[in-house]
K.L.:
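Here's a structure for you.
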Amino acid sequence: MTTKDSERTSAAIGGPIAQSAEDYAAVRVPPAERQSTLDISLVRMGLTVSASDLVFGYTLGLYFGFWQAVTISLVISLIVLAISVGMGAIGVRERLTLALATRFAFGRQGSRLPSLVTAIVIGLFYGYILAITISVFPAASSTVARVVYCVLLGGLFVLISGLGFDRGLKWMGRIGVPLMILLVIVADVVTIVDAGGFSEILSAHPAKSGQMAVLAIMGLGISKWTGGALVSPDITRFGKGMKSVWISTGAEFVLGNFAFNLLGLILGLGLKSSDLGAAFGLIGLTWLATVAFLFQGTTVSTNMLYAASLSSANVVGLPRKITNLVVGILGIVIAYWGLTQGVINSFLTFIGYIGYALPAIPAIILADYFILHKMRYSAPIESLPMVNWRAIAALIVTVGLNVFAGLVLDDEFWRVLPVLGAIVYLVFSAPQVWAAWRTPTPSAV
């Protein structure tokens, strides 16, 4: 679609001003609204330079020794990085949100199903991350304090997410990411000194050694960040080119995800406490953790809330600011529930379940874009078919096969990879793939 096509579409759906207020949730991002690679990277790092990544790395340190845990974390990061690059490329090349990309793959009405799954999963992530943030706050075990924290922080996150990328997300990324990095470096240095040196960390015996299989924790890690990789288009659509995708994805999943898993691992091996808040208390850093988690929790939570609001808007057909408020309120409830159940165990259980359904969505979208559409969505958004039944059938069949693999075959790793869904979709679309590759690709305008 040319710029003029985009402008006509924008005008037809309320005009450029209205679309700007909605952060271009229903149209392609205009070229004039593209952002710097630095801001794209900081916003994306806000998802992985996070309390949840710290918790995952911390959990690795409870179950595995140093070098084994480092290898696990690196493999997870590289797998998710590959998914994120593919999804990010769709965002920057087509200037589309994830929700609009699902319309090309699933149809205008058919996209409601994957958008609903995405909205639920990312909304739950938002609630859990809010809970993880609160878990290190003073008096977080008190019922009254939990309610107050959830309501106040949840309200703040709704406000910032409502401001959108340019006025909200990128400014919190500029503040929260550096501060969180500072906190964890300080905490790790104190932990290493407290443990008697880095050699003690390297040789430390995990507190729960032997209680979790390698493929199981890898499956949890991939499930955890398939959601973050899936929503990459929501941010990369503001990028200026593929360079912004490569740089920001590397920053997100190598400097962010892998590095923060490593820093959390040091804490887990050195402190050996199952309660992250109590662990920071052991080294006298509760106050610093509270301040840093507040700012960084704002960054990652608003990113998740923003993504969930975009997908929810596609499901129900309401303005993004309304879905932002609704998802924000539900997230507050989820956060309180997560705190009452024990954040780490509850969070690990949650990410174990999402591996049944979520990987099928990027699998189908990536296969549709890179193979069926040959890396170009040429049709106007408003002219797309109502439902692509091949994609709907592929999603349902893939989820069914994943459930069978998980519950009957006890598979905890292969079902979370976004491969099976792509294969099923391409099998169902064999005639369309054959026709597409026999037809020359039109030159870009």
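Just so you know, residue 1 is the first one in the sequence shown, and it goes up from there.
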K.L.:
With no hydrogens and no angle check, is any side-chain donor or acceptor of Asp234 less than 3.5 Å from a backbone partner on Leu98?
P.N.:
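Indeed, once roles are kept as given, a pair shorter than 3.5 Å links the two residues.
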
K.L.:
Rounded to the nearest 0.5 Å, what's the gap from CD1 on Ile134 to SG on Cys150? Could you check?
P.N.:
3.5 Å

K.L.:
Just by modelled atom types, is the Arg28 backbone N or O under 3.5 Å from a matching donor or acceptor in the Arg237 side chain?
P.N.:
no

K.L.:
Is a side-chain donor or acceptor of Gln35 paired with a backbone partner of Glu33 at a separation under 3.5 angstrom?
P.N.:
yes

K.L.:
Distance from Ile361 atom CD1 to Leu366 atom CG, nearest 0.5 Å?
P.N.:
11.5 Å

K.L.:
Heavy atoms, side chains only, cut-off 4.5 Å: are Thr97 and Pro233 in contact?
P.N.:
no

K.L.:
How many angstroms lie between atom CD1 of Ile72 and atom CZ of Phe56, to the nearest 0.5 angstrom?
P.N.:
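Reported value, rounded in 0.5 Å steps: 8.0 Å.
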
K.L.:
Mind checking the CD1-CG spacing from Ile365 to Leu372? Nearest 0.5 Å is all I need.
P.N.:
13.5 Å

K.L.:
Report all side-chain donor-acceptor pairs from residues 99-106 shorter than 3.5 Å, counting only partners two or more places apart or in another chain.
P.N.:
residue	atom	partner	partner atom	Å
Thr102	OG1	Ala99	O	2.5
Arg103	NE	Asn314	OD1	2.9
Arg103	NH2	Asn314	OD1	2.9

K.L.:
Hey, does the side chain of Asp411 reach the backbone of Arg415 with a donor-acceptor pair shorter than 3.5 angstrom?
P.N.:
yes

K.L.:
Using side-chain contact (heavy atoms from CB on, under 4.5 Å) as the criterion, point out the one residue from Pro114, Ser115, Ser111 that pairs with Val315.
P.N.:
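Option passing the side-chain contact (heavy atoms from CB on, under 4.5 Å) with Val315: Ser115.
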
K.L.:
Working note: Phe428 + Val397, criterion side chain to side chain contact (heavy atoms under 4.5 Å, CB included); need CA distance, chi angles, decisive distance, verdict.
P.N.:
CA-CA 11 Å; Phe428 288 172; Val397 169; 4.1 Å; yes

K.L.:
With rounding to the nearest 0.5 Å, note down the distance linking CD1 in Ile329 to CD1 in Ile332.
P.N.:
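Answer for the CD1-CD1 pair, Ile329 versus Ile332, is 6.5 Å.
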
K.L.:
Check Ser41 against Ala251 and note the closest heavy-atom contact, atom names and distance.
P.N.:
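Reported closest heavy-atom pair: CB-CB, 4.3 Å.
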
K.L.:
Would you give the length of the straight line joining atom CD1 of Ile392 to atom CZ of Arg390, rounded to the nearest 0.5 angstrom?
P.N.:
11.0 Å

K.L.:
Take Asp368 and Tyr425 through the test side chain to side chain contact (heavy atoms under 4.5 Å, CB included) and record every step on the way to the result.
P.N.:
CA-CA 8 Å; Asp368 181 76; Tyr425 178 65; 2.7 Å; yes

K.L.:
Taking the side chain from Thr340 and the backbone from Trp337, do they hold a donor-acceptor pair closer than 3.5 Å?
P.N.:
yes

K.L.:
Checking Thr398 side chain against Ala394 main chain: does a donor-acceptor pair fall under 3.5 Å?
P.N.:
yes

K.L.:
Identify the heavy atoms of Phe258 and Ser73 that sit nearest to each other, and give their distance.
P.N.:
CD1-OG, 3.4 Å

K.L.:
Can any side-chain N or O of Ser311 pair as donor or acceptor with the backbone N or O of Ala119 at less than 3.5 Å?
P.N.:
no

K.L.:
Can you list the residues that meet the ring pair (Phe, Tyr, Trp, His ring centres under 6.0 Å) rule with Tyr369, with sequence neighbours excluded?
P.N.:
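Result, ring pair (Phe, Tyr, Trp, His ring centres under 6.0 Å) vs Tyr369: Tyr377.
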
K.L.:
Counting N and O atoms only, with roles assigned by atom type, does the side chain of Arg34 sit under 3.5 Å from a partner on the main chain of Phe238, one being a donor and the other an acceptor?
P.N.:
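Here the side-chain-to-backbone pair does not exist.
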
K.L.:
Just do the side chain to side chain contact (heavy atoms under 4.5 Å, CB included) check on Ile381 and Leu96 with the steps written out, would you?
P.N.:
CA-CA 10 Å; Ile381 297 172; Leu96 296 171; 3.9 Å; yes

K.L.:
Tell me, with the steps shown, if Asn402 and Leu420 meet side chain to side chain contact (heavy atoms under 4.5 Å, CB included).
P.N.:
CA-CA 9 Å; Asn402 284 342; Leu420 180 60; 3.7 Å; yes

K.L.:
Side chains of Arg44 and Ser84: donor-acceptor distance under 3.5 Å anywhere?
P.N.:
yes

K.L.:
For the residue pair Phe413 and Ile217, establish whether any side-chain heavy-atom pair is separated by less than 4.5 Å.
P.N.:
no

K.L.:
For the residue pair Val387 and Gly110, what are the closest heavy atoms and their distance?
P.N.:
CG2-N, 3.9 Å

K.L.:
Check for a donor-acceptor pair, side chain of Ser383 on one end and backbone N or O of Ala379 on the other, with a separation under 3.5 Å.
P.N.:
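Here the side-chain-to-backbone pair does not exist.
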
K.L.:
Are Leu401 and Phe404 close enough that some pair of their side-chain heavy atoms sits under 4.5 Å apart?
P.N.:
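No, every pair of side-chain atoms sits at 4.5 Å or beyond.
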
K.L.:
Please say whether more than 12 non-hydrogen atoms of neighbouring residues, nucleotides or ligands are located less than 6.0 Å from CZ in Phe370.
P.N.:
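Yes, enclosed.
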
K.L.:
Tell me whether Ser244 contacts the main-chain N or O of Gly241 through its side chain, where contact means a donor paired with an acceptor under 3.5 Å.
P.N.:
yes

K.L.:
How close do Val416 and Thr226 get, counting heavy atoms only, and between which atoms?
P.N.:
O-OG1, 4.4 Å

K.L.:
So which heavy atom on Met218 is nearest to which on Ile76, and how close?
P.N.:
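Heavy atoms of Met218 and Ile76 come nearest at CA-CD1, 3.8 Å.
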
K.L.:
Taking all heavy atoms of Ala357 and all of Val117, pick out the closest pair and write down the distance.
P.N.:
CB-CG1, 4.4 Å

K.L.:
With heavy-atom distances below 4.5 Å as the criterion, would you say the side chains of Val92 and Met242 are in contact?
P.N.:
yes

